[in-house]
**Q** 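Supplied in structure tokens, the structure appears directly below.
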Amino acid sequence: MRSSRYNFREAETRWQKVWEDGKVFETRTDDPRPKYYVLEMFPYPSGRIHMGHVRNYAMGDVVARYRRAKGHAVLHPMGWDAFGMPAENAAMEKKSHPATWTYANIATMKGQLKSMGLSLDWAREFATCDPSYYKHQQRMFLDFLKGGLVARKTSKVNWDPVDQTVLANEQVIDGRGWRSGALVEQRELTQWFLKISDYSEDLLSALDGLGRWPEKVRLMQANWIGRSDGLMLRWQLTAGTAPASFDEIEIYTTRPDTLYGASFMAVAADHPIARAAGEKNPALQAFIGECRQMGTSQAALETAEKKGFDTGIRAKHPLDPAWEVPVYVANFILMDYGTGAIFGCPAHDQRDYDFAMAYDLPIKPVVRSANLTDAEANAAFDRENPPTVEDGVLFNSGFMNGMSVAEAKEAVAKRFEGESLGNRPVGQRKVNFRLRDWGISRQRYWGCPIPVIHCEACGTVPVPNRDLPVKLPDDVTFDMPGNPLDRHPTWKHVDCPQCGRKARRETDTMDTFVDSSWYFARFTDPFNADEPTTMSAIAKWLPVDQYIGGIEHAILHLLYSRFFTRAMTKTGHANLSEPFAGLFTQGMVVHETYRDDSGNWVPPADIRIEMIDGERRATEIASGKPLTIGSIEKMSKSKKNVVDPDDIIASYGADCARWFMLSDSPPERDVIWSEEGVQGAGRFLQKVWRIVGEAIDLPDAASAADAPHAVTKAAHKAIIAVSEDLERLRFNRCIAHIHDLSNTLSSALGEKDAATHGRAIREAVCIMVQLFAPMMPHLAEECWGELGGKGLIADAAWPVANASLVVESSLTLPVQINGKKRADIIVPAEADNAAVEAIVRADSAIAAALAGQDIRKIIVVPKRIVNIVV
RNA sequence: GCCCCUGUGGCGGAACUGGUAGACGCGACCGACUCAAAAUCGGUUUCCGCAAGGAGUGCUGGUUCGAUUCCGGCCAGGGGCACCA
């Protein structure tokens, strides 16, 4: 007996069991159909899934189910990005072992994902903290080491002097450690690096080939890699001003054309000359110390007030040895970029300007706007308010006077290339990249151990393959700060694999970005216990056809994965360079915030919204107290504006949650989760259920008329529209089209002659069910069965539109007069421009609107619009 | 600070490559059904105006027969900035 209301609770678990028992979504590698690899960024097992996951996985599932219906062999796997700091924080706070905590979270979250009814191949599941996964990662690290892709060098970390531990940037708050509150220091450590910078040019130029990536992501990556064409330039130092053994400073500049505007030189606090000068100058030493107390993040460096210290060293201008500029140590110069030294031209660079104003240095303009004379430009120059000149003409610049910026750059480069100092030219052109090598060392427990042994005699020795994986020890404590691996009583003490003497394991673990840089490749054959990848599986499934995840990964994760794929190819673990052919970055899930009168945040589950005098008012259910409705923000625990997917699925069902997630906002933008919205989605579910119920009761009568019934036309138009929008992941538009079709169908069912067109209506209803099946798969299976569909709708082919059913014989064209719409005309579909113009001239309504004005021109845009210019 | 993105009714948004601004949904209001409520169904809903008509896509200037769409300047909000994932 059919219930008048759809019982999602019963139906959803029933269909999930049918899919699971039938192994419907397990992928066979020998499937001969064309492949399609859909992947959503795998989650960090933080405890419970959040609405952002629901959105991400709902989108991926729609793509996967649509491609399956279109006849592809679909690979749609899921796993866990399971190493990372939160597990260690939990270990410290809750006294549970990171592994216990992580695997418990995975179990919970897997259950939650299963309740969403996703078409995932769970047989391929793995967690990156499984030794059976990180074993292969260690193997590849060693192959990279052998292949020259790994370097060991020093870099700076945030050091908490109280907790005696390295802090992540997010653990540094206003320059202080988040737990201890101590002022953070920069400290140099010798660390492992992957040589991503060897691939700078390739990673940059290959962006052009990523046609199915968002333009903005490609732009962000291009800026990140940051190619610049500049000049290395050696400046002689004035004898007696510099520490012994320093007679020059080499700087890097992209604006050698502004050399005549130089007023100072600045070097990084870590520049060798700064260190040397600091040794004899306590005040400078103190300033260098101050620079080191800044945190290591770029944002911290650049937002800090620009400060410098005059070292007393003087450099001779390369174009005029009589001209000397002071050398400063400055807190905004990075040792990692270029040579760690610059010359400052305050008139044409904002940072240099700020610096010059702070230290009262000369500001001389050398590029002027092309429509001024030299004299005018000099007269108009105002030190307090210098003009910004994007591209102009050189002046006050000796031999470069009158040249364009580009000409001057060329001329000055040529000149210095030709001049020698010692055995080297004074200047050399140099392409520089902002991209730095990828430091992967982390002084933490919960990560993949770096499989290297340090031996006093042999140096750094790779762990032999037969000894992999280097497993994390289980017996560790988190009761004190620092790296538990380092203070473990036995773990790090091993014999050197080469000479057999006592040696020490590397106690650093890998950055978790390493784990996520190849998981997509492992998914192609996670069953291979001996090798990280199986080449035939890589060849079959990669690249990922559609990758979906958050925009916050636009740079690091995606760039590292692109590099890692190249590195794997170089070391024989893959055979391609670009892992993701199509990328889609989805927006966040946001929600209103609520606070009580003492300013405490109140979760949405505890409140009630009412309309009072046309205004939305919130009250706390338990206390009845009124609340302030705050701004809409990213769901976060701190503001308590989170809704739990479990609650939503329990009260509305997975289909309803999925449908609402996809319905309103375009997928790349933020979506506002609202109770009203999800209720609306629930009403639509029930409406569909009623439509199907009415349709199956209709007699199976074919339409008498020759012309196809209006519902058939509407259904076939919907097939075209929905398919097109699914291809482009415009789910919100798909849903609008399905709403349209459902409106047409419910009106058709309400009409008196519905019974005489029973077959046409049934067929159209069937099409509607197929169209929403990727989004609401459980409801679709239920309706499909009732409508007499064969087998599972999950296995059914996508409906094919009959193009002849959707052609129109005439069209309505709007007619504008001077760009304002004044009338509509109906023209035959095949009418040419001349015919349309004739109809316009003959139309009485248009003649009236013209009111006797002369027609100067008629613009006819075929099938679009007519504009009359008067 | 630097890089990137976004801005359209009461709200989420639609508008294919410059061609009818507001599809579709939410909310609200009116009506039908009901003893009543829920559910459902029908209608109205950008603003000003009784209407004719006019204005209108963050602000401002420009290009065009025509601009939400292209260009310049500004304002606001968001993402990233290399040890959060």
**Q** Using the test salt bridge (Lys or Arg N to Asp or Glu O under 4.0 Å), find all partners of Glu675(A) that sit at least two apart in sequence or belong to another chain.
**A** none
**Q** Syn versus anti for G62(B), judged by chi lying within 90° of 0?
**A** anti
**Q** Does Gln137(A) form a side chain to side chain contact (heavy atoms under 4.5 Å, CB included) with Met510(A)? I'd like the steps, not just the answer.
**A** CA-CA 10 Å; Gln137(A) 189 164 308; Met510(A) 292 185 206; 3.6 Å; yes
**Q** Between C71(B) and G18(B), how far apart are the two P atoms, rounded to whole Å?
**A** 10 Å
**Q** To the nearest Å, give me how far apart CG (Asp725(A)) and C1' (G13(B)) are.
**A** 14 Å
**Q** If you measure from the C1' atom in G62(B) to the same atom in G49(B), how many Å do you get, rounded?
**A** 32 Å
**Q** When the C1' atoms of C47(B) and G9(B) are considered, how many whole Å apart are they?
**A** 9 Å
**Q** Find which nucleotide of RNA chain B each of Ser747(A) and Ile865(A) is nearest to by heavy atoms, and output the residue with the more 5' nucleotide.
**A** Ile865(A)
**Q** Any salt bridge linking Arg442(A) with Asp511(A)? Criterion: basic side-chain nitrogen under 4.0 Å from a carboxylate oxygen.
**A** yes
**Q** Could you encode protein contacts along nucleotides 74-85 of chain B as a string, one character per nucleotide from 5' to 3', using B for base contact, S for sugar-phosphate-only contact and - for no contact, with a heavy-atom cut-off of under 4.0 Å?
**A** -----BSBBBBB
**Q** Enter the distance from Trp659(A):CH2 to Ile735(A):CD1 here, rounded to the nearest 0.5 Å.
**A** 4.5 Å
**Q** Expressed in angstrom and rounded to an integer, what is the separation of His739(A) atom NE2 from G13(B) atom C1'?
**A** 12 Å
**Q** Could you work out the separation of U57(B) and G22(B) based on their P atoms and round it to a whole Å?
**A** 14 Å
**Q** Expressed in angstrom and rounded to an integer, what is the separation of Ile672(A) atom CD1 from G27(B) atom C1'?
**A** 13 Å
**Q** Just the rounded figure in Å: distance from P of C4(B) to CD of Gln221(A).
**A** 14 Å
**Q** So does Arg841(A) pair up with Glu837(A), basic N to acidic O under 4.0 Å?
**A** yes
**Q** Write down the distance between CG (Asn331(A)) and P (G1(B)), rounded to a whole number of angstrom.
**A** 15 Å
**Q** With a 6.0 Å cut-off on ring centres, are Phe584(A) and Tyr547(A) close enough?
**A** no
**Q** In whole Å, what separates the P atom of U60(B) from that of U69(B)?
**A** 13 Å
**Q** Does any nucleotide pair with G1(B) by Watson-Crick or G-U wobble geometry, both distances under 3.5 Å, and what is it?
**A** C81(B)
**Q** Suppose you measure atom C1' in G58(B) against the same atom in G42(B); what distance do you get, rounded to whole Å?
**A** 38 Å
**Q** Give me the distance, rounded to whole Å, that separates C59(B) from U8(B) when you measure between the P atoms they each carry.
**A** 10 Å
**Q** Check this for me: does any side-chain nitrogen of one of Asp270(A) and Lys156(A) sit under 4.0 Å from a carboxylate oxygen of the other?
**A** yes
**Q** Tell me which nucleotide, if any, is Watson-Crick or G-U wobble paired with A14(B) when both distances must be under 3.5 Å.
**A** none
**Q** Find out whether the Lys NZ or Arg CZ of Arg5(A) is both under 6.0 angstrom from the six-membered ring centre of Trp689(A) and within 45° of the ring's axis.
**A** no
**Q** Under 4.0 Å, counting only non-hydrogen atoms across every strand here, what does Asn867(A) touch: a base, just sugar-phosphate, or nothing?
**A** base
**Q** Show your working on ring pair (Phe, Tyr, Trp, His ring centres under 6.0 Å) between Phe660(A) and Trp673(A) and close with a plain yes or no.
**A** CA-CA 9 Å; Phe660(A) 174 59; Trp673(A) 183 271; 4.9 Å; yes
**Q** Determine: side-chain N/O of Asn818(A) to OP1/OP2 of G66(B), distance under 4.0 Å, yes or no.
**A** no
**Q** What is the distance, to the nearest angstrom, from the CD atom on Gln679(A) to the C1' atom on A39(B)?
**A** 13 Å
**Q** If you look at every strand shown and take non-hydrogen atoms under 4.0 Å, does Asp354(A) touch a base, only sugar-phosphate, or nothing?
**A** nothing
**Q** Both distances under 3.5 Å, Watson-Crick or G-U wobble: report the partner of C74(B), or none.
**A** G58(B)
**Q** Compare side-chain N and O positions of Arg669(A) against OP1 and OP2 of G13(B) and report whether any pair is under 4.0 Å apart.
**A** yes
**Q** State the pairing partner of A32(B); accept Watson-Crick or G-U wobble contacts with both distances under 3.5 Å, and report none otherwise.
**A** U40(B)
**Q** From the list A14(B), U40(B), C4(B), which nucleotide is the closest neighbour of the side chain of Arg683(A)?
**A** U40(B)
**Q** Using atom C1' of each nucleotide, how far apart are C30(B) and C24(B) to the nearest Å?
**A** 22 Å
**Q** So Lys216(A), base contact, sugar-phosphate only, or nothing? Heavy-atom distance under 4.0 Å.
**A** sugar-phosphate
**Q** Output the rounded distance in Å from CD (Gln686(A)) to P (U40(B)).
**A** 8 Å
**Q** Are Glu93(A) and Arg179(A) close enough for a salt bridge, meaning some N to O gap below 4.0 Å?
**A** yes
**Q** Please figure out whether Ile868(A) or Pro666(A) has its closest RNA chain B nucleotide nearer the 5' end.
**A** Pro666(A)
**Q** Assign Gln816(A) to base, sugar-phosphate, or nothing according to its heavy-atom contacts below 4.0 angstrom with the strands shown.
**A** base
**Q** For Tyr337(A) and C2(B), give me the distance from atom OH to atom C1', rounded to whole Å.
**A** 13 Å
**Q** What nucleic acid atoms does Ser663(A) come within less than 4.0 Å of, heavy atoms only: base, sugar-phosphate, or nothing?
**A** nothing
